[in-house]
There are 2 protein chains.
Amino acid sequence: MEKIDGRTKLLEVGTRLFAERGLNGVSIRELAQEAQTSISMISYYFGSKEGLYAEVLRQQFASFKEIHQIREQVEDPVAMIEEYLRWTFRRHRNNPHLLRFYTSELTNPTPFFEPIVMPVIDEVIVAMAEVIEEGKKRKQFREDIQPTNAALALAGMVNYFFLSLLATENLINHSPEQDDQLVHQYLSIFTKGVAA
Amino acid sequence: MEKIDGRTKLLEVGTRLFAERGLNGVSIRELAQEAQTSISMISYYFGSKEGLYAEVLRQQFASFKEIHQIREQVEDPVAMIEEYLRWTFRRHRNNPHLLRFYTSELTNPTPFFEPIVMPVIDEVIVAMAEVIEEGKKRKQFREDIQPTNAALALAGMVNYFFLSLLATENLINHSPEQDDQLVHQYLSIFTKGVAA
DNA sequence: GTTTATAGATCGAACGTTCGTTCGGCGTCT
DNA sequence: AGACGCCGAACGAACGTTCGATCTATAAAC
């Protein structure tokens, strides 16, 4: 039974509670009680409640930077989109809270959206738009696709699908084995298709 | 210069402010000031702040019921999906607040999600899943599509796309003329396609 | 090896502010 | 005169923050 330090415990509890009810939906008294510490510890470690929230956000969105490593490793646009989908699935499955912060900040931005969240989201969208552009050049993707719109649609599909799983509490039931089917389905938007 | 009654003004202001910052992000004092009335009017007309929020939610999600009329009018599955997309585009363009309530309630549900929001969302998803199922029977859609997942993905794509427009404040710039391209792009997931 | 000093972690009480709600009264119509 | 729309003051509760005191553990001094 090892005792983890109070700061870590607060970050842990903050992540869970802020994800569930947002910045304004959680009080420092609830945070302190859940972390089995006192209310003054939040100001002590993070300056303020908003300081704790900002630190939680930074932790949550740190994984977005991985997109650059993935892009270096995978050269082919189709393979890259596939890898992007699997990477996103993996991230959401490993961290069920990320999606809530992501969507919540996009819908009702806090003062931390612009400095913390927007830059990392932007990097991913720009990166994927470039990948799609390259795919068009290589005639792998349809001509009528607008890269930035397509990158947004792609991210939207995946995120929203997981959001629906989250809302119906099926996130745990969705196993890695189902990824293949989803990847294939989503990928097909970009590949040459025949309209009915 | 006609004077609208206080109740309507409060609903109007409540819709805008709750959409921007959520139930917990807006105080009754701010609502009253913005509506140029006094703080006691909220309890007077709606019982409580939550009562006002609930009424706003009911107004916002009333349009979801239109799905049944549309389904009665359009018989062909492909045409139905197309009509669904146009209907959704139209709704989001006419009411820029709807999407925020939709996503916000899905991500961080208030006590009103279950009684007010969930039922109408469910009706739309079930209806579209049935349409997709019918499309599979008629060999219009690919065999490997799972109807409910596909209905969720479809809704996700559209909603998230508009959410991104909202976040970048481009919603006004997106004109009805661009709908055709989007409809075609999104529709292609369901039509028989060739993987690259 | 014992004592002392020092820095960090933790606490609960208290502060001032803001919150949502209630209530008595005032004006304006029917 | 009675019903309704409306107001501002007041209430208790909850909020986030601050502060002085206490505890702990390591380092320094003897």
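Each chain gets a letter, A, B and so on, in the order its sequence line appears, and its residues count up from 1. Just so we're clear, the structure is a prediction, and the values are computed from it rather than from any experiment.
Between atom CG of residue L31(A) and atom OH of residue Y53(A) there is a gap of 12.5 Å, rounded to the nearest 0.5 Å.
The residue among M41(A) and N24(B) whose nearest nucleotide of DNA chain C is located toward the 5' end is M41(A).
Considering only the side chain of S48(B), dT21(C) comes nearest among dA14(C), dC7(D), dT21(C).
Dashed line: the shortest gap from a side-chain N or O of S27(B) to OP1 or OP2 of dT18(C) is not under 4.0 Å. Within the 4.0 Å cut-off from OP1 or OP2 of dG5(D), not a single side-chain nitrogen or oxygen of Y45(B) is found. The phosphate of dA9(C) (OP1 or OP2) has a side-chain N or O of Y44(A) nearer than 4.0 angstrom.
The nearest whole Å value for the distance from the CD atom in Q36(A) to the P atom in dA9(C) is 19 Å. Taking atom CG of residue D5(B) and atom C1' of nucleotide dC7(D), one finds them 17 Å apart after rounding to whole Å. Summarising the geometry, the separation between CD on Q33(B) and P on dG20(C) is reported as 14 Å, rounded to the nearest angstrom. Separating the CD1 atom of I39(B) from the P atom of dT22(C) is a distance of 12 Å, rounded to the nearest angstrom. K49(A) has its NZ atom 13 Å from the C1' atom of dT18(C), to the nearest Å. For K9(B) and dC6(D), the NZ to P distance is 12 Å, given to the nearest whole Å. Look at CD1 on I28(B): it is 11 Å from C1' on dT22(C), rounded to the nearest Å. The interatomic distance linking F46(B) (CZ) with dT22(C) (P) rounds to 16 Å, in whole Å.
Taking E134(A) as the reference, R138(A) meet the salt bridge (charged side-chain N to carboxylate O under 4.0 Å, His left out) condition, with sequence neighbours excluded.
Although no hydrogens or angles enter the test, the distance criterion places a donor-acceptor pair under 3.5 Å between the side chain of K49(A) and the main chain of L23(A). Under the 3.5 Å distance criterion, the side-chain polar atoms of K137(B) are left unmatched by any main-chain donor or acceptor of I132(B). A donor-acceptor contact shorter than 3.5 Å is absent between the side chain of N95(B) and the backbone of R91(B). Proximity of a side-chain donor or acceptor of R100(B) to a complementary backbone N or O of T107(A) within less than 3.5 Å is detected.
In the interface, the side chain of R7(B) is not paired with the base of dG5(D) through any donor and acceptor atom under 3.5 Å apart. For S40(A) against dG12(C), a side-chain N or O and a base N or O form a donor-acceptor pair under 3.5 Å.
When side chains are defined from C-beta on, F46(A) counts as touching L11(A), because their heavy atoms get closer than 4.5 Å.
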Are any protein N/O atoms closer than 3.5 Å to N/O atoms in nucleotides 28-30 of chain C? If there are, list each pair with its distance.
none

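Among the heavy atoms of the strands, none lies under 4.0 Å from I42(A).
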